[in-house]
Novice: 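My questions will all concern the structure given below.
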Amino acid sequence: MDCPKEYERGKPFLPYRSIQYLPLGMRRFHDWYLHALSTDLEVIEARYPSKTFGGPKGKIAFTFDDIQTMFHLGEMETNLIKTWFL
């Protein structure tokens, strides 16, 4: 119950037993998320280079709700996470 399937601010994305088996980048991002809860941050913007989506460079925004969904679906790529810790 400490990890609901629907996003609740302040709750982990996954149970601890699952987090310990994630790739390092995803674990670090999850730890950062828990730290970011002490702020008012609700949306994360990521920049992407031109031609990434077939057009000019730009930004894409993610909410923590979006990110929790990706964690639950196992669709988050670790290289997406690595850009935040360079």
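For the single chain, residues carry numbers from 1 onward in sequence order.
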Novice: For the residue pair Phe64 and Trp32, does the interplanar ring angle fall in the parallel (under 30°), tilted (30 to 60°) or perpendicular (over 60°) class?
Specialist: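 Because their plane-to-plane angle lies in the 30° to 60° range, the rings of Phe64 and Trp32 count as tilted.
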Novice: Working to the nearest 0.5 Å, report the span between CE of Met26 and OG of Ser18.
Specialist: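 Interatomic distance, Met26 CE to Ser18 OG, rounded to 0.5 Å: 10.5 Å.
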Novice: Is there a side-chain contact (heavy atoms from CB on, under 4.5 Å) between Leu24 and Phe29 once you walk through the steps?
Specialist: CA-CA 9 Å; Leu24 180 60; Phe29 182 82; over 6 Å; no
Novice: Could you pull out the closest heavy-atom pair between Phe62 and Ile60, with the gap in Å?
Specialist: CE1-CG2, 3.6 Å
Novice: Looking only at heavy atoms, what is the nearest atom pair of Val43 and Ala61, with distance?
Specialist: CG1-CB, 3.7 Å
Novice: Do Glu42 and Arg9 come close enough that some side-chain heavy atom pair is under 4.5 Å?
Specialist: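 Yes, at least one pair of side-chain atoms sits under 4.5 Å.
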Novice: Distance-only, no hydrogens or angles: does the His30 side chain make a donor-acceptor pair with backbone N or O of Phe13 under 3.5 Å?
Specialist: yes
Novice: Just verifying a value: how many Å separate Asp66 CG and Ile44 CD1, rounded to the nearest 0.5 Å?
Specialist: 9.5 Å
Novice: Considering non-hydrogen atoms only, spot the tightest contact between Lys11 and Tyr33 and give its length.
Specialist: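 Closest pair (atom of Lys11, atom of Tyr33, distance): O-OH, 2.9 Å.
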Novice: Tell me every residue that passes side-chain contact (heavy atoms from CB on, under 4.5 Å) with Lys59, counting only those two or more places apart in sequence or in another chain.
Specialist: Glu45, Arg47
Novice: Report yes if the side chains of Leu14 and Leu22 come closer than 4.5 Å at any heavy-atom pair, otherwise no.
Specialist: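 Heavy-atom side-chain distance check passes, below 4.5 Å.
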Novice: For Pro12 and Leu34, work out which heavy atoms get closest and say how close.
Specialist: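 Looks like CA-CD2, 4.4 Å.
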